[in-house]
Amino acid sequence: MSETALKPDTGLDPKRWTALVFIALAQLMVVLDATIVNIALPTAQLDLGISDGNRQWVITAYALAFGGLLLFGGRIADLWGRKRTFVTGLIGFAGASALGGAATGEAMMLIARAAQGAFGALLAPAALSLLAVMFTDAKERAKAFGIYGAIAGGGGAVGLILGGVLTEYLNWRWTFFVNIPFAIVAALGAYFVIREPAGGRNRSPLDIPGVLLSTTGLVALVYGFTRAESEGWSDSVTIGSFVASVVLLAAFVAVEAKVKHPLLPLRVITDRNRGGVYLSLGLAVISMFGLFLFLTYYLQVVKGYSPVMTGFAFLPMIVGMITGSTQIGARLMTRVPPRLLMGPGFLVAALGMLLLTQMEVGSSYPLLIMPAQLLLGLGMGTAFMPAMSLATIGVEARDAGVASAMVNTSQQVGGAIGTALLNTIAASATTAYLVDNAAGATNQQLLQAQAMVEGYTSAIWWAVGILVVSSLIAFTFITTSAQGSTPVASGGGKGADEDLQVPVMAH
């Protein structure tokens, strides 16, 4: 990027604010899609004959493809051009959404979800890179990313409510079809409005071995957790999956240490503070994603809520998260060390989870579920804001993009593992409860409901423990001071100022 492009009064794209509308619309679609399917899942599962053991793959296939390919997607945007990658990601996402909406069985649905994740992994880094290179004036950039973050952050709430409305008044297929107009409008707008600055590409050769090893290693890891639910932890394929995962990910680390242009330079993750952020965030998200699945089923199947009611029932968590990130995390992260926000934040979230371990078939929503969600959202929002900023502050300019992508990767992979692991624990506890109590039961329907809730609370106990570990990691690994005077990464091209994506992927 030229020197003049960095001056606030010269070299600025006159259409940059119009471009922001289309970029934010695309991000809204991606965030909305992550939650809208949760609400539709029970209905879609029944309609398509998806087994309880495989239902989490509808969520996991998206999260794993997205998380596993984010680093690759960011690298493709650098190499191929951000505008071209952005438009391609939108068109592909629309096609995958059409396939999901038209699904006639389990296999077709899972293929569509994986394809959505893969195109999302192209879309998300390209969108953030475009904002970074189009808004070069510091004040304008902060405002642009603030608007972008607010729209994308609200997408979670929009997704939950829209998912309920579409599922109840049309059918679950519209939770996929609704993406198509979003994608078409954003793609056309981007094609005609966005003008990418020249000279921002990184034409280093692709690290193909790194892409293959990281993606297959992560797939093997999550498949191991999923397989354990149906076949048990001692099953030979389960064990083989875990062994394969360890071998593949170890080979990935070895390759990255030696190749000239690694997909993930090891210096990014070996820094004590950044490593602590990635680890604590990944673990915390394991707890969050599992809970979304359990609460959806608890509210719809056990409590008999409609899809619309279920969507609105999740709002306290979203409100808590937005409040924690914008009113607590954002206000305090320039004044106090990150560990004093992250550590207590994860503990507050753990307290919310602890309340949910008391859940029963007849539990009150306003007395138990709502306050638990508020605490969980408040704690997570407070912890996420400084964590994501810390993950890219002070990083070398050449590593800023991959450092940002690693934050999102740790979240997405943590979500995939969390859904599979906690679902496995819940299913095992449900089965054990049924075996222990079947003989004396007079009401089989009540027994089934009690067994389901027993499974959920058993898994939530694990989530509490995981959040406590996240808090301990934040307190011990992260040693940096308050972020008010820490220099941020700078430089042209992808990754510059991508630490400003802080609120976007958290919600």
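Annotation: side chain to side chain donor-acceptor pair (under 3.5 Å) contacts of Y62 (sequence neighbours excluded): none. For F294, the ring pair (Phe, Tyr, Trp, His ring centres under 6.0 Å) partners at least two apart in sequence or on another chain are Y456. For T479, the side-chain contact (heavy atoms from CB on, under 4.5 Å) test picks out R272, N273, with sequence neighbours left out. Checked against ring pair (Phe, Tyr, Trp, His ring centres under 6.0 Å), F86 has no partners two or more places apart in sequence or in another chain. Applying the side-chain contact (heavy atoms from CB on, under 4.5 Å) test to S363 and every residue at least two apart in sequence or in another chain returns Y298, M359, E360, L368. Remark: L340 pairs with P337, F475 by the side-chain contact (heavy atoms from CB on, under 4.5 Å) rule, at least two apart or across chains. Listed by chain and number, the residues in a side chain to side chain donor-acceptor pair (under 3.5 Å) with R113 are D33, Q116 (sequence neighbours excluded). In this view, A349 and L376, M380, L467 satisfy the side-chain contact (heavy atoms from CB on, under 4.5 Å) rule, not counting sequence neighbours. Scanning for ring pair (Phe, Tyr, Trp, His ring centres under 6.0 Å) contacts around F182 gives an empty result, with sequence neighbours left out. By the ring pair (Phe, Tyr, Trp, His ring centres under 6.0 Å) test, F72 is found to be paired with no residue, residues two or more places apart in sequence or in another chain being considered.
Of the inter-residue distances, the one linking L122 atom CG with F93 atom CZ reads 11.5 Å to the nearest 0.5 angstrom. Remark: L367 CG to L355 CG distance equals 11.0 Å, nearest 0.5 Å. Note: I23 CD1 to T18 OG1 = 10.5 Å, rounded to the nearest 0.5 Å. The OG1 atom of T85 sits 11.0 Å away from atom CG of L90, with the distance rounded to the nearest 0.5 Å. Atoms NZ and OG, from K303 and S364 in turn, are 7.0 Å apart once rounded to the nearest 0.5 Å. Summarising the geometry, atom CG belonging to L249 is positioned 8.0 Å from atom OG belonging to S214; distances are rounded to the nearest 0.5 Å.
Both cation-pi conditions hold for R55 and Y297: the charged atom is under 6.0 angstrom from the six-membered ring centre and inside a 45 degree cone around its axis.
Between L123 and Q27, the closest side-chain pair of non-hydrogen atoms is not below 4.5 Å. Contact of the T215 side chain with the L69 side chain is registered, since non-hydrogen atoms from C-beta on lie closer than 4.5 Å. Inter-residue side-chain proximity for F346 and S280 is flagged as met; some heavy-atom pair is nearer than 4.5 Å. Counting only heavy atoms from C-beta outward, the side chains of L354 and W461 approach each other to under 4.5 Å. You'll find the side chain of Q373 reaches within 4.5 Å of the side chain of Y365, heavy atoms only. Residues L378 and M321 fail the side-chain proximity criterion, which asks for heavy atoms closer than 4.5 Å. Using a 4.5 Å heavy-atom threshold, the side chains of L374 and M317 count as separate.
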message: For a side-chain contact (heavy atoms from CB on, under 4.5 Å) check, start with the C-alpha distance between W462 and L421, then their side-chain angles and the critical distance, and finish with the verdict.
response: CA-CA 10 Å; W462 281 79; L421 174 63; 5.7 Å; no

field: Trace of the side-chain contact (heavy atoms from CB on, under 4.5 Å) decision for V348 with T382
entry: CA-CA 9 Å; V348 170; T382 300; over 6 Å; no

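Here the shortest heavy-atom pairing between V468 and A350 reads CG2-CB, 4.3 Å. Shortest non-hydrogen contact noted between I194 and A19 is CG1-CB, 3.7 Å. Residues P338 and S481 share a closest heavy-atom pair of CD-O, 3.4 Å. Annotation for A65 and A114: closest pair CB-O, 3.3 Å, computed over non-hydrogen atoms. Nearest heavy atoms, V255 versus D207: CG1-OD1, 4.2 Å. Minimum heavy-atom separation, Y305 to A313: CE2-CB, 4.2 Å.
Although no hydrogens or angles enter the test, the distance criterion places no donor-acceptor pair under 3.5 Å between the side chain of Q300 and the main chain of L295. Of the possible polar contacts, none joining the T457 side chain to the T357 backbone as a donor-acceptor pair under 3.5 Å is found. In terms of modelled atom types and a separation under 3.5 Å, the side chain of E256 and the main chain of L266 share no donor-acceptor contact.
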Return all side-chain donor-acceptor pairs below 3.5 angstrom for residues 284-291, not counting sequence neighbours, or 'none' if the list is empty.
from: S287; atom 1: OG; to: A463; atom 2: O; distance (Å): 3.2

